[in-house]
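In what follows, chains are A, B, ... by sequence order, proteins preceding strands, each numbered from 1.
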Number of protein chains: 2
Amino acid sequence: MAAAPAASALAPAASASAPSGRPGGRPDSCGPRAARGLRELKKERTHDALVQAAAELFTAHDYDDVTVARIAEVAGVSTRTFFSYFPSKEDVLFADTHTRLEQALQSMADRVPGESPVDLLVRAVRRALPASFSPGPGPEVSGSALPSLYGVRLRLNHSTPQIQAGAMRRLQEAQQLLSRALLAAFPERLTAVEAAALVGAFIGGISNAVIFCLAEDPDLPDTSQVAFEALEVVRRRLPELDRGAEG
Amino acid sequence: MAAAPAASALAPAASASAPSGRPGGRPDSCGPRAARGLRELKKERTHDALVQAAAELFTAHDYDDVTVARIAEVAGVSTRTFFSYFPSKEDVLFADTHTRLEQALQSMADRVPGESPVDLLVRAVRRALPASFSPGPGPEVSGSALPSLYGVRLRLNHSTPQIQAGAMRRLQEAQQLLSRALLAAFPERLTAVEAAALVGAFIGGISNAVIFCLAEDPDLPDTSQVAFEALEVVRRRLPELDRGAEG
DNA sequence: ATGCTTCTTGCATGCGATGCAAAAAAGTAG
DNA sequence: CTACTTTTTTGCATCGCATGCAAGAAGCAT
């Protein structure tokens, strides 16, 4: 359908999901189906209903043609309640993105002895990539498989600047956390600039390649293929592309 | 004061500045002071007045505390008129960013014979960098020196997610154009993925390093120093950081 | 001046988002 | 089951951003 962002791919950041009121995004950790009380259970149900409703509506209509009131209506709650689950209309679209980032950060945490900084970074990125580009149902969050918010984001990203901007900002925040984690894994060997430059180079190279190719061909079959190619370019072929010659 | 974005640094994209009505951003090209009629002159004056008013207000107050109505009032026009000069409140903050991108794209156009792809890219980036990080008055647009929107962006960028998002989106669009230009400069030697990966790696590495360092120390004296360091890391030290050893 | 074009302005409208207080539901005793 | 506390939902009012429209004002030509 549409085209632009590998940005949404690598996930958002650690922003608190609960706006003001109590009914936070979801009963925090506590295993998938360990709802202790009826309260927690209904909160989870409402949360999922809102995401589900949003996914369906955004699949069928443009971003600006879907009102928060309509999402809430389909989910069976009042408009006001929506904003006690998500701080903005935009956020419901990124409800599933915390998982990938946490995976990547986890990879960063357990580092293999002989590994180089780039090794570690690449391993973390590789682990997050496949889940980021599968157009199928996103990683099931909390037992009930949510609809593919990734697919919706992918389509809305070239049609709606606001979504593209939000995706890029979240990707940026993820890079900050990854940089910090990489620096923490190699406190002796890396400076802050080196860690951040490495993370930015790999994530930036991959995401820009995917976005660029999607802009050329919106119906690109395999985006993860492009992502892995770009990864290799940044890691291996960069010196070669720095050698002068006549093209 | 504040902290985050080298993003705003590299400028925005080719988005049309005029929303709906005629009174576009500014009489397009036609030299600094070649106003042919009274119409064009007043348009330019109003445009600059709006930017000036916005810069002053955003310098003194937070983004959300400055209403469009107030900006228009200070500029001496009606609220409605603001939106015939800028499509949104956000856009007035990025009124000066087209210059740097055009500079970089221009550098891409005239390529030196023996130059490698990385050479060319680095030259283009190097040319855009200094202008991007000087906290002084931005590049004077059209004769009258406008106040430093860069400084305002820098401060608002860590306090206002919306601005950070907008800056990242514009940087992303700039990367798209740079990728296309680089590919056009080396049609035989580069694939689309390679060109995009290169651009993304360098811009991503630099911007993430600057943002990361600014997050650690908001009052960092010389951001361009960090930028050039990051550039060298991506270009030269990447292979070294890929060699396994005990840290 | 007479018209034509272009820009400005005010008005009405719709939507996103927040604060507040009342109503409803869940949880906890007794 | 009843009474009481806590939490969640809801409606309502409000504000700001943004757009469309039509009337008015200003530049501009003949």
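The distance from atom CD1 of B:I71 to atom P of D:dA18 is 10 Å, rounded to the nearest whole Å. One atom, NE2 of B:H61, and another, P of D:dG16, lie 14 Å apart when rounded to the nearest Å. A straight line from CD of B:E73 to P of D:dG16 spans 12 Å, rounded to a whole angstrom. When rounded to the nearest whole Å, the span between CZ of A:F86 and P of C:dG16 equals 15 Å. Rounded to whole Å, atom P of D:dG16 lies 15 Å from atom CD of B:Q162. Rounded to whole Å, atom P of C:dA17 lies 13 Å from atom NZ of B:K89. Residue A:D64 contributes atom CG, which lies 12 Å from atom P of D:dG20 at whole-angstrom precision. Rounded to whole Å, the distance from CD on A:E44 to P on D:dT7 is 20 Å.
For A:T67, whose side chain is taken as the heavy atoms from C-beta onward, the closest listed nucleotide among C:dA17, C:dC15, C:dG10 is C:dC15. Nearest nucleotide to the B:R80 side chain, out of C:dT8, D:dA18, D:dT19: D:dT19. Of all nucleotides listed (C:dG16, D:dT10, D:dT19), D:dT19 comes nearest to the side chain of B:F83.
The closest side-chain heavy-atom distance from B:Q176 to A:N208 is below 4.5 Å. Counting only heavy atoms from C-beta outward, the side chains of A:H47 and A:F86 approach each other to under 4.5 Å. Residues A:D62 and A:R155 have side chains in contact (heavy-atom distance under 4.5 Å, counting atoms from C-beta outward). Residues B:D91 and B:Y85 fail the side-chain proximity criterion, which asks for heavy atoms closer than 4.5 Å. Contact annotation: the side chain of A:F94 approaches that of A:R153 to within less than 4.5 Å [non-hydrogen atoms, C-beta and beyond].
Here A:T79 lies out of heavy-atom contact (under 4.0 Å) with every strand.
Nearer to the 5' terminus of DNA chain D, by closest-nucleotide assignment, is the contact made by A:S78 (compared with the other of B:V66 and A:S78). Closest-nucleotide positions on DNA chain C for B:T46 and A:S88 were compared, and the one nearer the 5' end corresponds to B:T46.
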- Message: Return a single string for nucleotides 22-30 of chain D, one symbol per nucleotide in 5' to 3' order, where B is base contact, S is sugar-phosphate-only contact and - is none, cutoff 4.0 angstrom on heavy atoms.
- Response: ----BBS--
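Taking only side-chain nitrogens and oxygens, B:T81 comes nearer than 4.0 Å to OP1 or OP2 of C:dT9. Residue A:Y85 places at least one side-chain N or O under 4.0 Å from the OP1 or OP2 atom of D:dT9. Of the side-chain N and O atoms in A:K43, one or more sit less than 4.0 angstrom from OP1 or OP2 of D:dT8.
Here A:Q172 contributes atom CD and A:L177 contributes atom CG; the two are 10.0 Å apart, rounded to the nearest 0.5 Å.
Of the options A:I211, A:L214, A:V210, a side-chain contact (heavy atoms from CB on, under 4.5 Å) to A:V226 is made by A:V210 and by none of the others.
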